[in-house]
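Each chain gets a letter, A, B and so on, in the order the sequences are listed, and its residues count up from 1.
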Protein chains: 2
Amino acid sequence: MEFKVSKELIAELEKHIAEKNDKELAVLMNDMHHADIAEILDELDFEDATYIFKVLDSDQTAEILLELEDDLRENILSRLSPKEIAEELDELDTNDAADIIAELSQEIKAEVINELMDVEHAKDIVDLLRYDENSAGGLMGKELVKVNENWNVLTCVKEMRIQAENVSRVHSIYVVDDENRLKGRLSLKDLLTTSTKTQISDIYIRKLNFVNVDTDDVEVARIMQKYDLEAIPVVDELGRLVGRITIDDIVDVIKEEADKDYQMAAGITQDIETNDSIVELIRARLPWLLIGFVIEIIASFVLKDNERAFEKYTTLIIFVPLLSATAGNIGVQASAIVVQGLANGTLKEFSSNYFSKEITVSMVSGTIISLLLLVYHSLMYQQYLVGFAISISMIVVILFAATLGTLVPLFLHKNKIDPAIATGPFITTSNDVFGIMLYFWVAKLILGF
Amino acid sequence: MEFKVSKELIAELEKHIAEKNDKELAVLMNDMHHADIAEILDELDFEDATYIFKVLDSDQTAEILLELEDDLRENILSRLSPKEIAEELDELDTNDAADIIAELSQEIKAEVINELMDVEHAKDIVDLLRYDENSAGGLMGKELVKVNENWNVLTCVKEMRIQAENVSRVHSIYVVDDENRLKGRLSLKDLLTTSTKTQISDIYIRKLNFVNVDTDDVEVARIMQKYDLEAIPVVDELGRLVGRITIDDIVDVIKEEADKDYQMAAGITQDIETNDSIVELIRARLPWLLIGFVIEIIASFVLKDNERAFEKYTTLIIFVPLLSATAGNIGVQASAIVVQGLANGTLKEFSSNYFSKEITVSMVSGTIISLLLLVYHSLMYQQYLVGFAISISMIVVILFAATLGTLVPLFLHKNKIDPAIATGPFITTSNDVFGIMLYFWVAKLILGF
C-alpha cells in the first residue's frame, strides 16, 4: 500500500509540464500526501519541481517544503518573493516555520517576517529564532494547550476549545499559574468527569516531566525515550511554560545522531548524502585522509628505522599488514563498544571493572590469533624463534590496541569532546604507528638483532 | 529535573535490604517512575534487585520488568513461579507481554499462558506469539479502538468507552466492516459534532495508511517517519484489522537498526553492550578478527612474492602502511555513504551518475595525497623515479578502493544481503590485499624490477 515514484508517473508529469497543462497537474497531485509529492519533486530537475510547486495550493506546498531535500528547498525558496515565502510560513507550525526562516539570508529573513499575516504567529516564530538549533528551545513548537490553575472546569473547557484550533495533536493539557509558570498537567478524563465549577487547582496532576530551553536535544531525546513520552513541555529559566516538543521531532534527532556517529566512525567530518555535490563530498572526506596521511608518514619512519631487522628476518615485514589490520580491528571494536555504552548510559566513566573485562576479551582473542599465527608460521617458514617472536609481539600489540580503543573515547568524553571521533581513522592509524613500534621492539627483545 | 541514581541512594537501599526493612523500601520507591526504578535495580546486584522487586506491587513491577537489562530480567524471571510471571503479564499490554513470554523456555511458556487470568488478554498474547519479531506482526499490540461502519454514532460512542478502558493512548479510531476488514478511520471531531443517529459509514475517512502483518519492521519505521504517524493499523492477508503499532515501539526499532549498522561497521557480529559477559563479547568480536586474519595471510603472500622488489627499493615497503590505511579509509568512507544512502532512500540501486561522482571525489582526493607523497618522498629520499612510482600506485589503489567500497554494498543490497557488513573489516582487509598487489604491480611497470 505504500506509494512508490514510478518512471511512468515522472514521464507523465514531465509531459504535462512541457505542455503547461496546469489543470491536469493539479488533479494528479490533489489526492497525494505531501510527503509523496516531495518525493516526486526530489526526482525531477529544479525547473520542473519549481513549476509544479507553483501550480499547487499553499496549504499543500507549505508541508511539501518541509519534506524536500535541502538543495531543492533552497532553490525553490530563492525563486519565491518574501511575500510568497511568508504565505507558506503562515500555514506551518511555529517550529517548522522557524526552521525554514533560519535557512534564509539575513535581509530576506527580515522581509519575510514583515510579511507574515498572523501577528501572534509571527511573534512566536521570532521568539523561536533565538534558541540554539541543538537545544530544546530550537526543537520546541509554540502550539500547545494550557489552562490556568485558578480557572474552573467550565472556563477551562471553553478556553481549550479556542486553543486547540491551532494545535494539530493535543498530547497534553498543561496547567500554569498567573505568571505562566508550569505547575502540572490535566487528565482529559478528570476534566470530563468533574463538575464544571471545580477549580483546576483541585484536580490537576502535579508530577510531570519537563525540560529547560537550553537542555541539549540529545538529552531531550533520551528523556522522552526513557519515560515513553509523546510530548514534553519546555520551560525557561524562571520555570515559565514556553513551548513543547513532540515525538516526531525527537525521531529526527535520534536518526541524525545515529547517522553522525556512523559517519564519524567512517572518517567523514560533516553530514553528507549521496546527492550532495562533489565539493561537499570532498570537503567532508579529505580531512581524515590527510590526518591519516600524516600519521602514516610517522609509521614509515618506524619501518625505516627497523630496516636492518627485516632485512635479516623477512617474515617480520610480511606480517606487518596482518598486525596493522588486527590492531585496527580490535581498536575499532573496543572504541565502538565504549562509544555506544556512553551513548546509551550503560557506561558513564572509566570503570576498572569494564576495563579489566575488555583486557580479558582481547587477551583471549589475541592468544587465539597468536597461536594460529605461530602454527602457520612454523609450518610455512620453519623459523620457530621468529614465529614465536611475531606471535608474542602480536599479543602485546592487540592488548595495546584494546587499551587505546577503550581509553581514548573515555578520555574524550570526560573532556566534553564527542567520543565518536575516536572510532574511525584516528584509532586505526594511531594503532598502526604504535603497533609497528611495539612489534619491532618485542621482536628485538626476543631475536636480539 | 531528571532523575539520577546516586551512590547515597544505592547505599541507603542496600542498608534497608540488609535490615529487611520492606516498609521503608516501599515508601522510598512508591513515588518513583518505573523507568527510574529499573535504572536503580540495574545498578544493584541480582540478589538485592530481586529482593526489591518482590517488595513492590505487581502494577509497578510489570512495567519495571520491561525496562530492565536483559540479564537481570532473565534472572528475576527465573526466580518467579509461572503464576507470579502470569500476574505480571496480566498488567501489561499484549505486545509487551508477548515479548516477555517469547524469552521464556518452552515448558515455562505453556505454564505461564495457562495461568493468565484474563482469557481475552491471553488469547491476544498467544496470537501475537506466532509473528516474526522483526515484522509488523511482531511489533503490534492488540489494544486499539475500532467501530463498525454500520453502527450509528450513539452505539459507536458507547462501544468506544468500553474499548478505551484497555487502551492507554487512543491515537485513532479505526472503522471496520462486519468481517473486521479495515475500511478507514474516524475523526474524533466529526464524531462529536454529528447527530447521534448518523451512520458511521457516512462520516468516516476512507484514506489511511496501514501495513501488513508481514511488513518488515524497518519498513514500518520508514513509513511512520515519512508520514509523521503516531500509530499505524496492521491488517492480515485478508485485510482484517489485527493490531496497531505505536510510535514508541518504532523509536526502539530505529535505534536498534542504527546500533546494528554501527556495530557491523566496527566488525561486531551481534548486538552487545558494555555489561555483557566476556563470553558474549568474545563471540561477537572474534569472527571478524579471524576473517581478517585469513585475508591478511594472503597479504603476507603478496609481500613475500615482491620481496626482491623491496630489497632493491626499500622505500616501497616503508610506505605500505600509508597505502593500506589510505585505501582502507577511502573504502570505508565510500561504503558508509552508500549504506546510508540505501538506508534513507537517496540511493536505490547502482547509478552511473553516483558512481562517476564517487570516482571524481576519490580521483581528486587521491591526486592531492599522491602529490603530497611525491613531494615528501623527493625531499626525504631523493629517489625521484621511485617516488613517482609510489605516487602513481597510490592513485590507482585509491581509485580501486573507492570502486570496491561503492560496488560491494550495492551488490550485497541487490542480493538481499545487509550492505552494512561491507563497511567494516571486510572492506579494509580486502583493500589491503588488492591494494598491495596493485601497488607492486604498478611500481614494477614503472621501475621495471
Relative to chain A, which segment of [X] carries a heavy atom at a distance below 4.5 Å: side chain, backbone, both, or neither?
{"X": "B:Asn275", "value": "both"}
{"X": "B:Glu257", "value": "neither"}
{"X": "B:Leu289", "value": "both"}
{"X": "B:Val339", "value": "side chain"}
{"X": "B:Gln225", "value": "side chain"}
{"X": "B:Ile254", "value": "side chain"}
{"X": "B:Ile330", "value": "both"}
{"X": "B:Met380", "value": "side chain"}
{"X": "B:Asp305", "value": "neither"}
{"X": "B:Ala334", "value": "both"}
{"X": "B:Tyr354", "value": "side chain"}
{"X": "B:Glu280", "value": "neither"}
{"X": "B:Ile250", "value": "neither"}
{"X": "B:Thr423", "value": "side chain"}

At a 4.5 Å cut-off on heavy atoms, which part of [X] comes close to chain B: side chain, backbone, both, or neither?
{"X": "A:Thr429", "value": "side chain"}
{"X": "A:Asp276", "value": "backbone"}
{"X": "A:Glu43", "value": "side chain"}
{"X": "A:Ile337", "value": "both"}

With side chains defined as the heavy atoms from C-beta onward, is the minimum distance between [X] and [Y] less than 4.5 Å?
{"X": "A:Met394", "Y": "A:Leu322", "value": "yes"}
{"X": "B:Ser324", "Y": "B:Val320", "value": "yes"}
{"X": "A:Ile369", "Y": "B:Leu290", "value": "yes"}
{"X": "B:Glu39", "Y": "A:Lys226", "value": "yes"}
{"X": "A:Thr428", "Y": "A:Val332", "value": "yes"}
{"X": "A:Thr315", "Y": "A:Phe310", "value": "no"}
{"X": "A:Thr406", "Y": "A:Ser335", "value": "no"}

- [ ] Go through the side-chain N and O atoms of B:Gln340 and A:Gln263 and say whether any donor and acceptor fall under 3.5 Å apart.
- [x]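 Yes, a side-chain donor-acceptor pair sits under 3.5 Å.
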Open item on the list: Heavy-atom pairs under 4.5 Å with chain B: which of A:Ala258, A:Gly341, A:Ala265, A:Ser300 has the most?
Closed with: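 So the answer, after comparing A:Ala258, A:Gly341, A:Ala265, A:Ser300, is A:Ser300.
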TODO: Name the member of A:Asp252, A:Thr246, A:Asn306, A:Leu373 that forms the most heavy-atom pairs with chain B at distances under 4.5 Å.
DONE: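 Top option by heavy-atom pairs under 4.5 Å: A:Leu373.
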Task: Nearest heavy-atom neighbours spanning A:Ala266 and A:Pro425 - done: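 Taking every non-hydrogen atom into account, C-CD, 4.4 Å.
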Task: Closest non-hydrogen atom pair between B:Ala325 and A:Asp432, with its separation - done: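 So the minimum-distance heavy-atom pair works out to CB-OD2, 4.3 Å.
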Open item on the list: Ring-plane angle category for B:Phe319 and B:His377, please: parallel below 30°, perpendicular beyond 60°, tilted otherwise.
Closed with: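 Aromatic pair B:Phe319/B:His377 classed tilted.
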